[in-house]
Amino acid sequence: MPELPEVEVLRRYLDPLVSGKRLCELRVFKSRVVRPESSGKLTETVRGCRVKGIERRGKFLWLNLVKSRSRSPFPLVIHLGMTGRLFVQPSAAELPRHVAAVFRLGRESLVFKDTRLFGRITLETDSIEQLGPDPITDEFLVSDLQSAIGKSAQPVKVRLMNQRVLAGLGNIYACEVLHRAGISPFMKSSDLRLAKFKELHEAIVSTLTRQVEFGMSLDLDFIGETTGDGLFYFGSRHGQARKSKERFRVYGRAGEPCGICSSIIKREELGKRGTFFCVKCQKE
DNA sequence: CGTCATGTTAAGGA
DNA sequence: TTCCTTAACATGAC
């Protein structure tokens, strides 16, 4: 799935396209993505609502909807899962394969496409309420990172990917920030010292912030019909593949030399996820 | 055919 | 109860 930077870039792209529009109709094609799965209540609730804006926390997006003036907004939560895409196209245009739902906003439609159907659309807010701090949106200090991770027996990478601890890191950026901070993914969280928390905090904030800026500089293909470069989740339209690949220091680079020390980058499984790291730069 | 994939959560064990 | 681990979900690329 897209992680925090990709979701934030998507939010910035979508916000001006949907804000102020009326949601004439929500059509659900794959009921699996709707929670609860009976989509009747959801489609009934959102019909006719005005979209006030689109917000994000971690990897979750939500449309702020209002039923009528005087009413306060309520969120329609969207998660892209592993393969979800959201984009705007003319309502008259043909829909691609794997469309899970379409929000008709008059002449334009907001399309939610999801091949693997791990994505979600719901009025339930418990998942966003349980999220940990968002490192680039909330005030986020070293002490916040420290208290979020706590004294866990789990490996630091597993802890970083827990969205209730910290909202936004997935498998790619967890690998990347640990390399940048010089911390082994396998290190027990409770063994981290203050100096390492400082490096990790700096790595998280700088990596995510720069990647959002990088994403905003690309001519992105949100629909995903082109091959893209496969590295920024949304492919870019032309010739930016190499530039994008260079953004990753360890992820997907098993067998290649580390950019810092030239040791060969390894891949091992941790918490059922492929984990890329440099043995020399990332000691326990 | 098998392996792997940027994710979350329910279920069960300790 | 809390903390932690695993299986399941579903499809496509290689």
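What you see is a predicted model, and the numbers here were worked out from it, not measured in a lab. What you see below is based on every heavy atom in this structure, not just the backbone, and it leaves out hydrogens, waters and symmetry mates. Reminder, nothing fancy here: chain letters follow the sequence lines and each chain counts from 1.
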Q: Between Arg57(A) and Thr137(A), does a side-chain hydrogen bond (donor to acceptor under 3.5 Å, both in side chains) hold up when you go through it step by step?
A: CA-CA 8 Å; Arg57(A) 186 180 179 90; Thr137(A) 305; over 6 Å; no
Q: Is it true that Lys196(A) and Asp191(A) make a salt bridge, defined as a side-chain N closer than 4.0 Å to a carboxylate O?
A: no
Q: Just the rounded figure in Å: distance from P of dG7(B) to CZ of Arg85(A).
A: 14 Å
Q: Dot-bracket for DNA chain B, please, read 5' to 3', with Watson-Crick or G-U wobble pairs under 3.5 Å on both distances, ( ) within the strand, [ ] crossing, | other strand, . unpaired.
A: .||||.||||||||
Q: Flag the pair Phe186(A) / Phe277(A) as yes when their ring centroid distance falls below 6.0 Å, and as no otherwise.
A: yes
Q: Please report the distance separating the P of dA13(C) from the corresponding atom of dT8(B), rounded so that it comes out in whole Å.
A: 23 Å
Q: NA contact type, Thr83(A), heavy-atom cut-off 4.0 Å: base, sugar-phosphate, or nothing?
A: nothing
Q: Heavy atoms from C-beta onward define the side chain here; which of dT5(C), dT6(B), dT9(B) lies closest to that of Asn171(A)?
A: dT6(B)
Q: Do Phe140(A) and His201(A) have ring centres separated by under 6.0 Å?
A: yes
Q: Which nucleotide in the set dG12(C), dC4(C), dT6(B) lies at the smallest distance from any side-chain heavy atom of Tyr233(A)?
A: dT6(B)
Q: OP1, OP2 of dA10(C) versus side-chain N and O of His98(A): anything below 4.0 Å?
A: no
Q: Are Leu23(A) and Trp62(A) connected into the same hydrophobic cluster when the rule is that any two of I, L, V, M, F, W, Y join if their side-chain heavy atoms are below 4.5 Å apart?
A: no
Q: Give the nucleotide from the list dC4(C), dT8(B), dA5(B) with an atom nearest to the side chain of Ala153(A).
A: dC4(C)
Q: Determine, for Glu124(A) against Arg35(A), whether the closest basic-nitrogen to carboxylate-oxygen distance falls under 4.0 angstrom.
A: no
Q: Does Tyr173(A) put a side-chain nitrogen or oxygen below 4.0 Å from OP1 or OP2 of dT6(B)?
A: no
Q: Which is more 5' along DNA chain B, the nucleotide nearest Arg164(A) or the one nearest Arg116(A)? Just name the residue.
A: Arg116(A)
Q: Scan Arg267(A) against the nucleic acid and name what it touches under 4.0 Å (heavy atoms): base, sugar-phosphate only, or nothing.
A: sugar-phosphate
Q: In plain terms, say whether Arg12(A) and Glu8(A) are close enough for a salt bridge, that is, a side-chain N and a carboxylate O under 4.0 Å apart.
A: yes
Q: Parallel under 30°, tilted from 30 to 60°, perpendicular over 60°: which one fits the rings of Tyr173(A) and Phe248(A)?
A: tilted
Q: Between C1' on dC3(C) and NZ on Lys151(A), what's the gap in Å once rounded to a whole number?
A: 17 Å
Q: Look at His79(A) and dT8(B) and indicate whether a side-chain polar atom (N or O) is within less than 4.0 Å of OP1 or OP2.
A: yes
Q: Separation of Arg249(A) atom CZ from dT6(B) atom P, in whole Å?
A: 20 Å
Q: Between dT6(B) atom P and Leu270(A) atom CG, what is the distance in whole Å?
A: 13 Å
Q: Determine if Phe118(A) stacks with dG7(B); use a centre-to-centre distance below 5.5 Å and an interplanar angle below 30° as the criteria.
A: yes
Q: Glu269(A) CD to dC4(B) P: how many Å, rounded?
A: 7 Å
Q: Sticking with atom P, work out how far dA7(C) lies from dT3(B), rounded to a whole angstrom.
A: 15 Å
Q: Does dG7(B) have its OP1 or OP2 closer than 4.0 Å to a side-chain nitrogen or oxygen of Gln163(A)?
A: no
Q: Starting at CG of Leu131(A) and ending at P of dT9(B), how long is that distance when rounded to a whole Å?
A: 9 Å
Q: For Glu124(A) and dT8(B), give me the distance from atom CD to atom P, rounded to whole Å.
A: 16 Å
Q: Taking only side-chain nitrogens and oxygens of Arg273(A), does any of them come within less than 4.0 Å of OP1 or OP2 of dG7(B)?
A: yes
Q: To the nearest Å, how far apart are Arg32(A) CZ and dT9(B) P?
A: 15 Å
Q: Is the phosphate of dT5(C) approached by Lys272(A) (side-chain N or O, under 4.0 Å from OP1 or OP2)?
A: no
